[in-house]
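Just so it is clear, the values below take in all heavy atoms, side chains as well, and ignore hydrogens, waters and symmetry mates. Since we're looking at a predicted model, the values are computed, not measured.
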Amino acid sequence: MSRRTGRRAGLLAVCSLVLAAGTLTGCGSDGSPSSSAAPELKVTGAYMPAPSMDTMAAGFFTVTNSGGADTLTSVTSDLSDDVTMHATVDGAMEEKKSFAIPAEGTLDLASGGNHLMFAKLTHKPGQGEKVSVELHFAKSGTVRISMPVKPATYNPKTGR
């Protein structure tokens, strides 16, 4: 092999590596979308158990993200001027300022875990009523959902 042919082969190998590396920059090392990819959120399973008190209620739902990471930064509702986000840590409720929604991941708000608390209710919602809620995300903006009021003992796994 001549010196010139060897140099050309080496140059082609380096160019191939540079091109291959350039095509991978849009993905993380595990092939998932990079953090700069736009989030693609879908909210499902929203519900509020019929509150037992006139002043407080809880809310639950799941956010599924098929895009880049996002963050739930706040929640508002006509039902209350005081809607807060909580996590349950070691059996104790802990208020959170935000919840991360990972790229290609989910955020579950479910009984016994992460949840919303509605305090100082404008009225006590009854079973069958729908509560309007606005979810505010860092990247996706505002997503409006309707949260049906279910029986106080409602279990989403059984539908009762």
Side-chain angles (χ1 to χ4, degrees), residues 21-160:
T23 60
L24 294 176
T25 58
C27 290
S29 60
D30 62 356
S32 63
S34 69
S35 61
S36 63
E40 294 180 36
L41 307 180
K42 181 178 179 183
V43 181
T44 57
Y47 75 97
M48 173 182 285
S52 58
M53 301 182 247
D54 293 342
T55 57
M56 295 191 87
F60 309 104
F61 55 86
T62 298
V63 180
T64 304
N65 184 4
S66 58
D70 205 344
T71 303
L72 177 62
T73 58
S74 66
V75 180
T76 55
S77 175
D78 292 341
L79 182 64
S80 170
D81 288 335
D82 186 9
V83 183
T84 53
M85 299 179 284
H86 293 256
T88 303
V89 180
D90 296 326
M93 246 180 16
E94 191 175 281
E95 188 170 336
K96 303 298 259 180
K97 295 290 182 200
S98 63
F99 280 119
I101 300 113
E104 301 291 332
T106 59
L107 167 65
D108 288 314
L109 277 75
S111 183
N114 298 336
H115 59 280
L116 301 180
M117 289 302 301
F118 297 77
K120 303 174 192 161
L121 304 179
T122 58
H123 70 281
K124 182 178 175 181
Q127 188 175 327
E129 189 175 332
K130 292 187 187 236
V131 175
S132 292
V133 177
E134 292 183 344
L135 308 174
H136 305 279
F137 296 94
K139 293 181 182 174
S140 299
T142 300
V143 174
R144 289 172 183 82
I145 64 170
S146 180
M147 191 172 278
V149 179
K150 300 286 189 176
T153 58
Y154 177 74
N155 181 343
K157 291 180 176 105
T158 63
R160 293 180 257 152

- Message: Let's go through Leu41 and Ile101 carefully: what are the C-alpha distance in whole Å and the side-chain angles of both, what is the deciding distance for side chain to side chain contact (heavy atoms under 4.5 Å, CB included) to 0.1 Å, and is it a yes or a no?
- Response: CA-CA 9 Å; Leu41 307 180; Ile101 300 113; 4.2 Å; yes
- Query: Does Thr76 have any side chain to side chain donor-acceptor pair (under 3.5 Å) partners at least two apart in sequence or in another chain, and if so, which?
  - Reply: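 Residues passing side chain to side chain donor-acceptor pair (under 3.5 Å) with Thr76: Glu134, His136.
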- Item | Steps toward side chain to side chain contact (heavy atoms under 4.5 Å, CB included) verdict (Leu116, Phe61) | CA-CA 9 Å; Leu116 301 180; Phe61 55 86; 3.6 Å; yes
Interatomic distance, [X] atom [atom1] to [Y] atom [atom2] [nearest 0.5 angstrom]:
{"X": "Lys157", "Y": "Asn155", "atom1": "NZ", "atom2": "CG", "value": "6.0 Å"}
{"X": "Lys139", "Y": "Thr71", "atom1": "NZ", "atom2": "OG1", "value": "7.5 Å"}
{"X": "Lys120", "Y": "Asp82", "atom1": "NZ", "atom2": "CG", "value": "5.0 Å"}
{"X": "Arg144", "Y": "Ser132", "atom1": "CZ", "atom2": "OG", "value": "9.5 Å"}
{"X": "Leu121", "Y": "Thr55", "atom1": "CG", "atom2": "OG1", "value": "6.5 Å"}
{"X": "Phe99", "Y": "Ser74", "atom1": "CZ", "atom2": "OG", "value": "12.5 Å"}

- Message: If we check side chain to side chain contact (heavy atoms under 4.5 Å, CB included) with Met85, which of these qualifies: Leu109, Leu72, Thr73?
- Response: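 Exactly one pass, corresponding to Leu72.
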- Task: Test His86 against every option in Thr84, Val89, Thr88 by the side chain to side chain contact (heavy atoms under 4.5 Å, CB included) rule and name the one that passes.
- Result: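 Passing option: Thr84.
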Main-chain N/O of [Y] paired with [X] side-chain donor or acceptor, under 3.5 Å:
{"X": "Asp70", "Y": "Ser140", "value": "yes"}
{"X": "Thr62", "Y": "Asp108", "value": "no"}
{"X": "Asn65", "Y": "Glu40", "value": "yes"}
{"X": "Ser80", "Y": "Ala119", "value": "yes"}

- Query: Could you walk me through whether Ser77 and Val131 pass the side chain to side chain contact (heavy atoms under 4.5 Å, CB included) check?
  - Reply: CA-CA 8 Å; Ser77 175; Val131 175; 3.6 Å; yes
- Item | Side-chain touch Thr106/Val63, heavy atoms, less than 4.5 angstrom |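 Heavy-atom side-chain distance check fails, nothing below 4.5 Å.
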- Quick one: are Met93 and His115 in side-chain contact, heavy atoms under 4.5 Å?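 Yes - at least one pair of side-chain heavy atoms lies under 4.5 Å apart.
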- Within the 6.0 Å centroid threshold, strictly below: Tyr154 and Tyr47: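 Yes, ring centres under 6.0 Å apart.
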For [X] and [Y], work out which heavy atoms get closest and say how close.
{"X": "Pro125", "Y": "Pro51", "answer": "O-CD, 3.5 Å"}
{"X": "Pro151", "Y": "Gln127", "answer": "CG-NE2, 3.5 Å"}
{"X": "Ala58", "Y": "Pro49", "answer": "O-CD, 3.6 Å"}
{"X": "Ala46", "Y": "Pro148", "answer": "O-CD, 3.2 Å"}

- With side chain to side chain contact (heavy atoms under 4.5 Å, CB included) as the test, would you mind laying out the steps for Met48 and Phe60 before giving the verdict? CA-CA 6 Å; Met48 173 182 285; Phe60 309 104; over 6 Å; no
- If you measure from the Lys or Arg side-chain nitrogens to the Asp or Glu carboxylate oxygens, is any gap between Lys96 and Glu94 under 4.0 Å?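 Looking at Lys96 and Glu94, the cut-off is met.
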- Query: Just wondering, more than 12 heavy atoms not from Asp78 lying within 6.0 Å of its CG?
  - Reply: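 No.
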